[in-house]
Colleague: 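Please see the structure below; I have some questions.
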There are 2 protein chains.
Amino acid sequence: MRVAFHVVEARRNALARQLRRHGYLTLARVCRRLGVSPATARRDLAALAREGIITRTYGGALGDYDRRFPSFRARQRKAQASKRRLAQAALRMLRPGMTVFFDAGTTIYSIGEALASHPVSRITAVTNALHLAEALGGSKVITVQLVGGEFLARQSILVGPQAQRSAALWRFDLALLSAEGMTPAGLWNSQADIVAFQRKVATRSRRVVCCLDATKLGRKTPAFLLPWSRVDGLLTEATARELREAGIILPGSKIFTANPLTRRKPSP
Amino acid sequence: MRVAFHVVEARRNALARQLRRHGYLTLARVCRRLGVSPATARRDLAALAREGIITRTYGGALGDYDRRFPSFRARQRKAQASKRRLAQAALRMLRPGMTVFFDAGTTIYSIGEALASHPVSRITAVTNALHLAEALGGSKVITVQLVGGEFLARQSILVGPQAQRSAALWRFDLALLSAEGMTPAGLWNSQADIVAFQRKVATRSRRVVCCLDATKLGRKTPAFLLPWSRVDGLLTEATARELREAGIILPGSKIFTANPLTRRKPSP
DNA sequence: CTGTATATGAGCGAGGTCAATCATAAATGG
DNA sequence: CCATTTATGATTGACCTCGCTCATATACAG
C-alpha cells in the first residue's frame, strides 16, 4: 500500500498545478485526476492547505489566486489606511484631460484603485504594469494604455528596449514613479532594466512624482534611479521629520505626506 | 415576506461583488453577509450561477476568476480535445529562434498553453492578449513581448493606433490570427479596431495562419478581415469535407485540421 | 382596494462530506 | 534481512448541504 516519498511529492505537486490551472476542483475530480481514493485525496489536499498552497473548501479545494505573485496580495494589504490617504493626495494632482504615467508598485497600485473608484474624467493612464491596467480598466472615462515591451511574469510588468521605445512615443503631464529606496542622494531601485525604463519615462514627463512608503527611507539598492533635482514631488507616508532625519532635504512644496496635519509646512 | 424587486437585485449585485472580492464564500458566510436565510442565499447563488456570473460549488460559491470575461473560461473548456490536437499541429509550425505573433482568442490561447508546457527554444512570442502573455510567461526559453496599445478591459486585449504602431515595429516569421467567421470570401471579425490591428500584423508577417474552431464555419460578421489569398494556412477542427461544403476551397497544403487522419491530403 | 404573483423561511428526506480509526502492505533504515 | 515507519484504502458515525414542498406575508397590477 505504501508508495515512495517522491511519488507522494510528485502527486501533490501535480495536484497543486491542476488546482492552479482549474481554480477549483471537487474532491471527486481530484480522485479521478490523481487516481487515488477519497481518503488519500483528502490527505493530499490537507497537506497542501497546511502549506498555504491551496485553500480547502467544503467538498473541494481552491488553487490560490495569484500564485505567480504570491506576495502581491499580502503586500497589498499592508498599511492600507495610510496608503489610502496617499492615494487621495495623488488624486488631487490629477486634472481632467491629463496624460499620466503609472509605474508598477503597490503604492501606485492603490492610487490606481482609488482612481478607478473615483474617476477623474478624460484621464489617459499609461502604465507598464498589467495589474494596474486591469484595476483601472473598465471605467469609461479613463483610457488605459499599456506600453509595449518584454513581459516579466514574476512582476507582471513590461520592460526592455521595446518598452523604452514605446514610452518615448508619449508625452506625460505627470509620471508617478515607484522606487525601492531613498537616500540623500536620491532614489534607488534594484533592477537595471526597470531603472532604464523609468528614466526614459522621466525624460518624457513634465512632472515627476515619486511614491514611496516609509519603509523605503534610507534604503539604498543596486541601481540609482534619479537625483532629487529631477523629482518634482515626493508622495510618502513618512513624516517631514523622518525625512529630515534621513537627510532628505526637499522644499516643503515638493512633499506630500499621508498625514494631513503635517502636510505642506513651508518655512516662512 | 416578499421584498421589492430592486431590493433583490441590489442584494444579488452586492453578493456578486463580494464573491468577486473574496474569491470564495461558504453558504454560511453568504447568509451572514446578506442577512438572509440559507434558502434565500441558495436561491441568490443559483440565480447568479444561471447568469454565469459566479460558479456554484458544494457548500459555497466562487466569484468567477476573470469576472470581466465571464465566458472566457467556459468557452475555454469547450472542445478541449480537438483544441489540444490543433495546438499540437500549431506547435509543429514553430522552429527555434522564430518570432511569432499570437492573436487573442481561445483557440490561440490553447496553443499558447501547449507552448508553455512544451516550450520550443528561443521563441519570441509577441501578443496583444494579456491572458496569453500570462500563460506564456514564466518559461525561461520563451521571450514574451506585449505590444503597446489601448487596454480593452472586456477582452483584456490591446488595440488602437498605438497598438498598430507598436506592431509595425516588428517583423514576424509567423502570425497566428483569430477570427469569428469564415466564408468563401475570406475571414471576418466583429470589431473594426481589432481588424485594423490584425491587418497591420498580417502585413508585418512572412506567414499568416488563421486558427478557427468549427463553429466559425460559414459565419459572417460585420468587419472583413482578410481574403483567403492573404492567408498562408488555416488551422481548424473542421474537416476538409466541411470546408468544401461551406464553399471554402483551399489547397490542401494550407489546411491543418485537428483530425490526424484527414490531415494534408493534397490532390495528386 | 382587491386579487394575484412572488420572495421568503421553515421543515423534510436523500445523499454527500468529513474526521477518526484500523488493517495492511510497501518503503525506509539500520 | 529484519524491524520500524508510514502511505493507503475501507469503514463508520456525525454533521452538513441540497432540492423540494409548503405556508405566509408582502409587493405589484388592474
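All heavy atoms count here, side chains included; hydrogens, waters and symmetry mates do not. Numbers restart at 1 for each chain; the letters A, B, ... are given by sequence-line order, proteins then strands.
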Colleague: To the nearest Å, how far apart are B:Leu25 CG and D:dT17 P?
Modeller: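 It works out to 13 Å between those atoms.
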Colleague: In whole angstroms, how far is the P atom of D:dT12 from the CZ atom of A:Arg42?
Modeller: 16 Å
Colleague: In whole angstrom, what separates A:Arg12's CZ from D:dT8's P?
Modeller: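 One finds 7 Å between P of D:dT8 and CZ of A:Arg12, rounded.
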Colleague: Name all residues meeting the ring pair (Phe, Tyr, Trp, His ring centres under 6.0 Å) criterion together with B:Phe102; count only those two or more places apart in sequence or in a different chain, and write none if there are none.
Modeller: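 Ring pair (Phe, Tyr, Trp, His ring centres under 6.0 Å) check on B:Phe102 returns nothing, list empty.
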Colleague: Taking side chain as C-beta onward, heavy atoms only, is B:Phe224 less than 4.5 Å from B:Val195?
Modeller: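 Counting from C-beta outward, B:Phe224 and B:Val195 never come under 4.5 Å.
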Colleague: Roughly how many Å is it from CG in A:Leu27 to P in D:dT17, rounded to a whole number?
Modeller: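 About 16 Å, once rounded to whole Å.
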Colleague: To the nearest 0.5 Å, how far apart are CG in B:Leu225 and CD in B:Glu180?
Modeller: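 Those atoms lie 10.5 Å apart.
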Colleague: Got B:Thr127 and B:Leu146 here, is their nearest side-chain heavy-atom distance under 4.5 Å?
Modeller: yes
Colleague: Give me the atom names and distance for the closest heavy-atom approach of A:Ile142 to A:Leu136.
Modeller: CD1-CD2, 4.3 Å
Colleague: Please examine the side chains of A:Leu130 and A:Phe151, heavy atoms only from C-beta on, and report whether any two atoms are closer than 4.5 Å.
Modeller: yes
Colleague: Give a yes/no answer on whether the side chain of B:Arg11 brings an N or O atom under 4.0 Å of OP1 or OP2 in C:dT8.
Modeller: yes
Colleague: According to side-chain hydrogen bond (donor to acceptor under 3.5 Å, both in side chains), who are the partners of A:Arg42, at least two apart in sequence or on a separate chain?
Modeller: none
Colleague: Drop me the distance from B:Leu158's CG to A:Gln145's CD, to the nearest 0.5 angstrom.
Modeller: 8.5 Å
Colleague: With sugar-phosphate meaning primed atoms plus P, OP1 and OP2, does B:Thr57 contact a base, only sugar-phosphate, or nothing at under 4.0 Å between heavy atoms?
Modeller: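 Contact class for B:Thr57: sugar-phosphate only.
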Colleague: Nucleotides 13-16 of chain D: which of its N/O atoms have a protein N/O under 3.5 Å away?
Modeller:
unit_1, atom_1, unit_2, atom_2, d
D:dC16, O4', A:Tyr58, OH, 3.4

Colleague: Testing B:Arg56, B:Arg33, B:Arg12 for salt bridge (Lys or Arg N to Asp or Glu O under 4.0 Å) with B:Asp44, which one passes?
Modeller: B:Arg12
Colleague: May I have the distance from A:Arg56 (atom CZ) to C:dA19 (atom C1'), rounded to whole angstrom?
Modeller: 11 Å
Colleague: Both B:Val36 and A:Thr26 contact DNA chain C. Which one's nearest nucleotide lies toward the 5' end?
Modeller: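 So the residue in question is B:Val36.
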Colleague: Which atoms form the tightest heavy-atom contact between B:Ala114 and B:Gln88, and what is the distance?
Modeller: CB-NE2, 4.4 Å
Colleague: Under 3.5 Å, which donor-acceptor pairs link side chains of residues 25-32 of chain A to any protein atom two or more places apart or in another chain?
Modeller:
unit_1, atom_1, unit_2, atom_2, d
A:Thr26, OG1, A:Arg29, N, 3.2

Colleague: Could you work out which one of C:dC18, C:dG9, D:dG9 sits closest to the side chain of B:Ala39?
Modeller: C:dG9
Colleague: Just the rounded figure in Å: distance from C1' of D:dT8 to CG of A:Leu45.
Modeller: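 Rounded to whole Å, this separation is 15 Å.
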Colleague: Would you work out how much the helix from C:dC1-D:dG30 to C:dG30-D:dC1 bends between its ends, with each end axis defined by five base pairs, to 10 degrees?
Modeller: 50°
Colleague: To the closest 0.5 Å, what do you measure between CG (B:Leu187) and CG (B:Leu234)?
Modeller: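 One finds 7.5 Å between CG of B:Leu187 and CG of B:Leu234.
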Colleague: When you get a sec, tell me which of D:dG9, C:dA10, D:dT8 is the closest nucleotide to the side chain of A:Ser37?
Modeller: D:dG9
Colleague: It should be established whether A:Thr40 places a side-chain nitrogen or oxygen under 4.0 Å from OP1 or OP2 of nucleotide D:dA7.
Modeller: no
Colleague: Among C:dT8, C:dT17, D:dG9, which is the nearest nucleotide to the side chain of B:Arg43?
Modeller: C:dT8
Colleague: Polar pairs (N or O, both sides) under 3.5 Å between protein and nucleotides 4-6 of chain C?
Modeller:
unit_1, atom_1, unit_2, atom_2, d
C:dA5, N3, B:Arg2, NH1, 3.4

